[in-house]
Amino acid sequence: MNSSHTVFLFSGIGKAIGLVLLLTVLTACKQKASDNATPSGGDAERTVEESTTNETPTTQGKLLLFEDHIGTIPLPFPRKNMLSDLREAFRPLTVTKEIGQQDGPDFPLYSIRNGSKEVAYFSMDFEDTLALVELRINSEWIADEYGLSVGDKFSKIKKQRKDKLNTYSDEHGHTYVSIKNSQIGYEISDTAPPANAPDDALDQVSHNILENWEITTVIWRAASSP
């Protein structure tokens, strides 16, 4: 083979190798661009839908009650109409201002609802309608700073609230638990002690039954309230 044929042969092989390398590089670049592309269409919309769905107000403890505030709302209230502040703080729950009825005079209140279920309400003084008297939480959706919420047993109250508990019943037969130097207390409920319990055993029977009584309402009371 003479020199001219040799040069031509190597030139052809070089072009072929160059073409293969060029195709390899172009394929790699195309694959990288595809990997880095932002997802569009159904996948992106589905992610937004799932995020929005997860915001449905059903999770316990989205708000916490403390001795001096709940969420961003100070307790007691500042002296003003609190409707707009409560709507902002309890979003996406529904907040309405209503008139409450009792044995005495009617009084204004703010009701917090999750759909048709009342989560909590703030009772105002019937004379000084800017003064907060009491907050009653009727749902496990809100817990207090001690880790207690509606549905917890009396035994858990004793465990979480290490101070001495004061348990008493009012004239309507409701049973309450209060703690000295705390504005947060509880209404509890369950069955009554057996009617045929001997007098000397009544205290012990009552204590045993209280262990399984459950919180029906978490209560915050203003310092001047009874």
Side-chain angles (χ1 to χ4, degrees), residues 48-152 156-157 160-161 170 172 174-189 214-226:
V48 172
E49 278 185 11
E50 290 172 356
S51 175
T52 301
T53 301
N54 289 339
E55 293 175 1
T56 302
T58 56
T59 303
Q60 177 181 351
K62 276 203 165 187
L63 282 177
L64 285 178
L65 169 66
F66 292 84
E67 295 282 351
D68 61 354
H69 68 281
I70 179 169
T72 59
I73 301 295
L75 297 175
F77 288 163
R79 294 188 59 78
K80 65 175 186 176
N81 187 312
M82 291 295 293
L83 187 59
S84 61
D85 296 70
L86 291 172
R87 283 177 173 168
E88 180 65 26
F90 283 91
R91 185 181 297 179
L93 302 181
T94 301
V95 182
T96 56
K97 189 173 183 180
E98 304 173 9
I99 297 298
Q101 296 181 330
Q102 57 183 356
D103 292 341
D106 294 349
F107 60 96
L109 64 84
Y110 298 95
S111 176
I112 316 296
R113 293 184 178 274
N114 181 10
S116 61
K117 182 178 181 180
E118 187 170 64
V119 173
Y121 65 90
F122 298 85
S123 300
M124 311 303 290
D125 187 84
F126 70 93
E127 291 182 321
D128 184 356
T129 57
L130 296 180
L132 176 63
V133 174
E134 185 178 78
L135 161 62
R136 298 180 72 92
I137 298 170
N138 306 313
S139 167
E140 68 279 3
W141 201 79
I142 302 174
D144 69 16
E145 65 175 286
Y146 307 102
L148 294 166
S149 60
V150 170
D152 286 336
K156 186 175 180 180
I157 300 178
Q160 301 295 100
R161 305 295 306 264
D170 64 11
H172 301 291
H174 298 285
T175 302
Y176 298 96
V177 181
S178 64
I179 298 90
K180 186 176 181 180
N181 299 323
S182 174
Q183 291 175 252
I184 298 176
Y186 314 92
E187 181 177 353
I188 59 175
S189 179
E214 294 183 353
I215 298 174
T216 57
T217 310
V218 178
I219 304 169
W220 179 95
R221 287 193 173 103
S224 59
S225 299

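Below, each value reflects all heavy atoms present in this structure, side chains not excepted, and no hydrogens, waters or symmetry copies.
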Assess Arg136 against Tyr110: is NZ or CZ under 6.0 Å from the centre of the six-membered ring, and within 45 degrees of the ring's axis?
no
Ignoring hydrogens, what is the shortest heavy-atom contact between Lys156 and Gly147? Give both atom names and the distance.
NZ-O, 3.4 Å
For the residue pair Tyr121 and Asn138, establish whether any side-chain heavy-atom pair is separated by less than 4.5 Å.
yes
Is the side chain of Glu214 donor-acceptor paired with the backbone N or O of Asp152 at a distance under 3.5 Å, no angle test?
no
Evaluate the criterion side chain to side chain contact (heavy atoms under 4.5 Å, CB included) for residue pair Ile157 and Tyr146; output intermediate values, then yes/no.
CA-CA 9 Å; Ile157 300 178; Tyr146 307 102; over 6 Å; no
About how many Å separate NZ of Lys97 and CG of Leu83, when rounded to the nearest 0.5 Å?
7.5 Å
Are the side chains of Gln183 and Arg221 in touch, meaning some heavy atoms are under 4.5 Å apart?
no
Do Leu75 and Glu67 touch side chain to side chain, with heavy atoms closer than 4.5 Å?
no
Separation between OH of Tyr186 and CG of Asp144, rounded to the nearest 0.5 Å
3.5 Å
Is the backbone N or O of Pro105 less than 3.5 Å from a side-chain atom of Gln102, with the two atoms forming a donor-acceptor pair by type?
yes
Can you tell me how far OG of Ser111 sits from CD of Glu118, rounded to the nearest 0.5 angstrom?
3.5 Å
As an exercise, state the distance from CZ of Arg113 to OG1 of Thr94, rounded to the nearest 0.5 Å.
9.0 Å
Applying side chain to side chain contact (heavy atoms under 4.5 Å, CB included) to Arg79 and Asp128, what does each step give before you reach the verdict?
CA-CA 10 Å; Arg79 294 188 59 78; Asp128 184 356; 2.9 Å; yes
Quick one: do the Ser182 and Arg161 side chains pair a donor with an acceptor below 3.5 Å?
yes
Is it true that the side chains of Ser149 and Glu140 contain a donor and an acceptor less than 3.5 Å apart?
no
Flag the pair Phe77 / Met124 as yes when at least one side-chain heavy-atom distance between them is below 4.5 Å, and no otherwise.
yes
Kindly indicate, with the supporting measurements, whether the criterion side chain to side chain contact (heavy atoms under 4.5 Å, CB included) is fulfilled by Tyr176 and Ile188.
CA-CA 6 Å; Tyr176 298 96; Ile188 59 175; over 6 Å; no
Distance, nearest 0.5 Å, that separates CD1 of Ile70 from CD1 of Ile142
4.0 Å
Show your working on side chain to side chain contact (heavy atoms under 4.5 Å, CB included) between Asp85 and Ile73 and close with a plain yes or no.
CA-CA 8 Å; Asp85 296 70; Ile73 301 295; 4.0 Å; yes
Does Pro108 reach the side chain of Glu98, with side-chain heavy atoms less than 4.5 Å apart?
no
With a 6.0 Å cut-off (strictly less than), is the heavy-atom count around CD of Gln101, excluding the residue itself, greater than 12?
no
Check: Thr129 main-chain N/O paired with Asp125 side-chain donor or acceptor under 3.5 Å
no
Separation of Ile99 CD1 from Phe126 CZ (nearest 0.5 Å):
13.0 Å
Phe90 versus Leu63: any side-chain heavy-atom pair under 4.5 Å?
yes
If you look at every heavy atom in Ile219 and Thr217, which pair is closest and at what distance?
CG1-CG2, 3.8 Å
Do you know the tightest heavy-atom contact between Val95 and Arg87?
O-NE, 3.1 Å
